Amino acid sequence: MSKLKVRDLMTTEVLTLRPDDTIRKAAKKLALENVSGAPIVDNKNHLLGFVSENDILTTIMKYQTKLQKEDVDCNLLEYSMDAEDNSNEKLNAIVEEISNIRMSTLMIHSVMTTSPDANIIEVLRTMLTLGINRIPVLEKGVLVGIISRGDIIFSLYKSKV
């Protein structure tokens, strides 16, 4: 069996979010760091949950569907969430409502985790089986890293780069 462990490949500098961070703040952080999801942690780095771009986009689509049912002709994806369009107060109010949703209400509470000493083959098998892109790494309940499919792929070819 492989001796390669999660700790050998994991990323230790992890972008994290706080439960009181808003969608506005989270979306900007995810975009700037070019990551598709982040653990939600408390002030002692204990894992509370996880949020992904998918969670944020699903929320936006729920609002989009509601707007369409109300026969409001707008596409939220065409509207800058940072800009105020003074011509449409209803749209401004909806964008503000979306932007201020907190991670504590949006995050997934049940998160697959692993330990630094877990066998990387078993972790990859779990990721592929469950369709998970990244798994937070905990040691004694504290977030110490994250392992992603990208980390595993990079490790396969890094010596060739």
Side-chain angles (χ1 to χ4, degrees), residues 1-65 75-83 95 97-161:
M1 201 60 158
S2 169
K3 292 184 171 115
L4 198 58
K5 303 291 182 198
V6 167
R7 78 170 64 252
D8 300 321
L9 305 182
M10 71 183 189
T11 299
T12 55
E13 290 187 29
V14 182
L15 169 71
T16 60
L17 298 168
R18 301 284 182 191
D20 58 343
D21 285 347
T22 61
I23 281 183
R24 176 182 285 117
K25 185 173 184 178
K28 287 179 180 180
K29 279 181 143 183
L30 292 173
L32 288 171
E33 295 293 325
N34 196 27
V35 295
S36 60
I40 312 294
V41 297
D42 66 13
N43 59 359
K44 293 185 177 170
N45 233 26
H46 292 113
L47 183 68
L48 303 173
F50 199 90
V51 73
S52 69
E53 290 171 330
N54 192 50
D55 300 320
I56 293 170
L57 293 173
T58 297
T59 300
I60 291 170
M61 284 307 295
K62 284 179 186 172
Y63 279 86
Q64 179 68 48
T65 301
N75 179 342
L76 289 172
L77 297 181
E78 293 175 358
Y79 188 83
S80 171
M81 296 282 189
D82 284 341
V95 164
E97 185 176 330
I98 293 169
S99 294
N100 287 314
I101 293 172
R102 302 217 178 275
M103 294 300 100
S104 57
T105 61
L106 189 63
M107 69 185 181
I108 305 301
H109 293 274
S110 178
V111 181
M112 169 74 64
T113 63
T114 189
S115 77
D117 294 318
N119 180 302
I120 197 66
I121 290 293
E122 293 307 315
V123 171
L124 178 57
R125 184 172 285 121
T126 300
M127 292 169 99
L128 294 173
T129 300
L130 299 178
I132 299 171
N133 290 328
R134 68 192 43 76
I135 299 179
V137 182
L138 303 182
E139 195 161 43
K140 296 179 183 169
V142 176
L143 182 74
V144 294
I146 198 159
I147 184 74
S148 71
R149 292 180 187 193
D151 294 327
I152 296 168
I153 293 222
F154 180 72
S155 75
L156 294 171
Y157 293 100
K158 70 180 175 190
S159 64
K160 292 141 184 93
V161 174

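Values in this document were obtained by computation on a predicted structure and should not be read as measured data.
Considering every non-hydrogen atom in both P116 and V137, the closest pair reads N-CG1, 3.5 Å. The two residues I152 and M127 come nearest to each other via the heavy atoms CD1-SD, 4.1 Å. Closest heavy-atom contact between P19 and I40: N-CG2, 3.5 Å. For the residue pair E139 and V144, the shortest heavy atom distance occurs at CB-CG1, 3.9 Å. Between L17 and A26, the closest heavy-atom pair is CD1-CB, 3.7 Å.
Atom CG of L143 is separated from atom CG of L48 by 10.5 Å, given to the nearest 0.5 angstrom. The structure places CD1 of I60 at 11.5 Å from CG of D55, a figure rounded to the nearest 0.5 Å. Distance check: I147 CD1 to N133 CG gives 12.5 Å after rounding to the nearest 0.5 Å. Atom CD1 of I146 and atom CZ of F50 lie 4.5 Å apart (nearest 0.5 Å). To the nearest 0.5 Å, the span separating CZ on R24 from CG on N100 amounts to 5.0 Å. The distance from the OG atom of S104 to the CZ atom of R18 is 13.5 Å, given to the nearest 0.5 Å.
Remark: E97 engages Y63 in a side chain to side chain donor-acceptor pair (under 3.5 Å) (not counting sequence neighbours).
Residues I121 and L4 form no side-chain contact, since every pair of their non-hydrogen atoms from C-beta on lies 4.5 Å or further apart. Within the 4.5 Å cutoff, side-chain heavy atoms of R149 are placed close to those of L128. When side chains are defined from C-beta on, D20 does not count as touching M103, because their heavy atoms never get closer than 4.5 Å. Between I101 and T59, the closest side-chain pair of non-hydrogen atoms falls below 4.5 Å. Inter-residue side-chain proximity for K3 and D8 is flagged as unmet; no heavy-atom pair is nearer than 4.5 Å. Put simply, the side chain of H46 reaches to within 4.5 Å of the side chain of V142, judged on heavy atoms. You'll find the side chain of T11 stays beyond 4.5 Å of the side chain of F154, heavy atoms only. You'll find the side chain of T58 stays beyond 4.5 Å of the side chain of M61, heavy atoms only.
Shown here is K25, whose NZ atom has no more than 12 heavy atoms of other residues, nucleotides or ligands within 6.0 Å. The neighbour count for D117 CG, taken as heavy atoms of other residues, nucleotides or ligands under 6.0 Å away, is above 12.
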When the side chains of residues 106-114 are checked against the rest of the protein, which donor-acceptor pairs come out under 3.5 Å, sequence neighbours left out?
none

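For the side chain to side chain donor-acceptor pair (under 3.5 Å) with R134, the lone residue among S52, S148, S36 that qualifies is S36.
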